[in-house]
There are 2 protein chains.
Amino acid sequence: MKDGPLQHLIQKFTGLPGLGNRSARRIVLHLLSQRERTMVPLAQLILKVAEEIKDCNICGNLDMHDPCAICQDTRRSRKEICVVSQVSDLWAIERTSAYKGQYHVLGGVLSALDGVGPDQLNLNSLMARARDGAVEEVIIALSATVDGQSTAHYVSDMLEGCGVSVSHLAHGVPVGGELDYLDDGTITTALRSRK
Amino acid sequence: MKDGPLQHLIQKFTGLPGLGNRSARRIVLHLLSQRERTMVPLAQLILKVAEEIKDCNICGNLDMHDPCAICQDTRRSRKEICVVSQVSDLWAIERTSAYKGQYHVLGGVLSALDGVGPDQLNLNSLMARARDGAVEEVIIALSATVDGQSTAHYVSDMLEGCGVSVSHLAHGVPVGGELDYLDDGTITTALRSRK
């Protein structure tokens with residue numbers, strides 16, 4: 001039993017982000033209780049997604065087509081590129097419907113601790129896109145963490161001399177946020193950036 | 001994008017126990033970043049487990065064989081049956097190596113709220129096993145929740161007249177537990193059951 005496929009499957013699930021051994025066991029037992037309705041369709045869908053979803057060669061987004069629907073959409077502006085760390089950040093910005101330009105997914109942020117250097121990120125393709133003439137502005141939308149901000153600095157340094165203006169997401173009080181619950185750094189930044 | 005297989009897969013993961021929309025997204029993006037190494041093998045393993053793992057017809061355990069390895073093991077005593085709610089409880093008891101008898105998995109507990117009645121549980125097969133003469137003791141190992149304990153009462157009432165003795169897991173202070181942090185019910189039970 002200990003070396004069977006069941007334990008092996010639980011181990012595989014335990015390796016996924018956010019899942020421990022106990023939650024992996026719960027998921028596998030749940031799947032086994034609904035083999036035909038949930039378990040087999042889930043596996044088939046995973047195989048289908050693994051085969052059909054492609055990385056967009058232009059921006060790094062995930063889609064069924066390459067280039068992706070956003071890069072192909074002629075109604076979207078070609079003048080702005082929004083630089084994000086990962087596809088889930090792109091989805092978060094798309095959910096707002098507040099941005100109608102192009103994207104560029106870096107595939108991570110620079111991190112000395114995790115050993116992520118500039119070579120592991122999609123920086124060369126970003127340089128090529130910024131230089132091609134159509135782009136006027138690069139919006140850097142990286143997380144406000146130490147690694148995110150040092151990557152933002154690196155990217156804006158790199159883009160100097162490409163003839164594009166570089167902007168960053170504003171820092172400040174989140175909409176709906178109570179001042180009393182905010183950390184000192186956010187309040188200080190919001191004060192300094194007051195307008 | 002919103003109706004594509006990618007969103008569909010995230011929805012499928014969101015339906016699994018313990019996973020919300022955000023954790024499902026993280027898992028799917030993680031899988032897509034390791035298609036060959038993690039994603040495809042995971043799907044293949046899910047299909048393999050769905051096909052190879054069977055419900056044991058005697059006790060309700062999950063195993064590659066039917067009857068399961070525990071029911072087939074001639075070194076295990078046939079005199080005791082330990083009644084558990086689900087397979088994960090059986091695994092929890094097996095991990096202790098403290099029990100060397102047979103099991104019986106009910107497949108849940110009676111619950112008025114969730115609409116689980118006696119017909120949905122493997123009670124008839126338990127009666128048949130308890131009556132077959134070889135069994136001397138039925139150990140009821142259900143959770144100490146309201147539903148678990150009412151199921152325990154129901155099962156022990158049902159087994160009356162089958163010629164087996166019925167026992168329950170002891171209630172009391174958990175090993176390593178500090179009295180100060182225990183609820184009143186547990187302390188009261190531990191006091192009443194002192195020996």
Side-chain angles (χ1 to χ4, degrees), chain A residues 1-2 4-13 15-20 22-36 38-55 61-65 68-70 86-92 94-95 107-108, chain B residues 1-2 4-13 15-20 22-36 38-55 61-65 68-70 86-92 94-95 107-108:
Chain A
M1 190 68 183
K2 273 171 192 159
L6 193 53
Q7 298 306 318
H8 195 173
L9 181 61
I10 293 173
Q11 274 167 28
K12 279 258 181 233
F13 268 105
L16 297 180
L19 293 184
R22 191 177 298 264
S23 31
R25 273 204 302 268
R26 273 184 70 200
I27 288 174
V28 170
L29 286 174
H30 172 81
L31 287 176
L32 276 168
S33 70
Q34 305 185 348
R35 280 171 223 222
E36 296 309 316
T38 310
M39 193 168 188
V40 174
L42 176 70
Q44 285 163 346
L45 193 56
I46 293 176
L47 287 175
K48 183 181 154 105
V49 167
E51 193 183 329
E52 289 187 3
I53 297 293
K54 298 168 184 71
D55 291 311
N61 187 14
L62 293 164
D63 201 355
M64 290 175 71
H65 315 282
C68 72
I70 294 177
Q86 49 197 356
V87 176
S88 54
D89 297 340
L90 185 158
W91 290 346
E94 278 299 286
R95 277 198 297 275
Chain B
M1 190 67 184
K2 274 172 193 160
L6 193 52
Q7 297 306 319
H8 195 174
L9 181 61
I10 293 173
Q11 274 167 28
K12 278 256 180 234
F13 269 105
L16 297 180
L19 294 184
R22 193 176 297 266
S23 32
R25 274 205 302 268
R26 274 184 70 201
I27 288 175
V28 170
L29 286 174
H30 172 81
L31 287 175
L32 276 167
S33 70
Q34 306 185 348
R35 280 170 223 224
E36 295 310 316
T38 310
M39 193 167 187
V40 175
L42 176 70
Q44 286 163 345
L45 193 57
I46 292 176
L47 286 176
K48 184 180 152 107
V49 167
E51 192 183 330
E52 290 187 3
I53 298 293
K54 298 167 184 70
D55 291 312
N61 187 13
L62 293 164
D63 202 353
M64 291 176 71
H65 315 282
C68 72
I70 294 177
Q86 47 196 359
V87 176
S88 53
D89 297 340
L90 185 159
W91 290 348
E94 277 300 284
R95 278 198 297 275

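In this text, all values refer to a predicted model and were calculated from it rather than measured experimentally.
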Is [Y] close to [X] at the side-chain level, that is, under 4.5 Å between some pair of heavy atoms?
| X | Y | value |
| --- | --- | --- |
| A:M39 | B:V49 | yes |
| A:L45 | B:Q11 | no |
| A:V40 | B:I46 | no |
| A:L32 | B:D55 | no |

What residue in [options] has the most heavy-atom pairs under 4.5 Å with chain A?
| options | result |
| --- | --- |
| B:R95, B:E51, B:K48 | B:R95 |
| B:P17, B:G18, B:S23 | B:P17 |
| B:G15, B:S88, B:A50 | B:A50 |

Should we say atom CZ of B:R25 is surrounded by more than 12 heavy atoms from elsewhere, each under 6.0 Å from it?
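Atom CZ in B:R25 is packed in, count exceeds 12.
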Does atom NZ (B:K54) have a neighbourhood of more than 12 heavy atoms from anything else shown, all under 6.0 Å?
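Yes, because the 6.0 Å sphere around NZ of B:K54 holds more than 12 heavy atoms from other groups.
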Which bit of [X] is near chain B, if near means a heavy-atom gap under 4.5 Å: side chain, backbone, both or neither?
| X | value |
| --- | --- |
| A:R35 | side chain |
| A:L29 | side chain |
| A:I70 | neither |

Testing A:V87, A:D63, A:I53 one by one against B:L6 for a side-chain contact (heavy atoms from CB on, under 4.5 Å), which residue passes?
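Output: one option passes, namely A:I53.
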Mind checking the CD-CG spacing from A:E52 to B:L9? Nearest 0.5 Å is all I need.
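The distance works out to 11.5 Å.
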B:L16 side, atom CG; A:R26 side, atom CZ - distance, nearest 0.5 Å
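Going from CG on B:L16 over to CZ on A:R26, the span is 10.5 Å.
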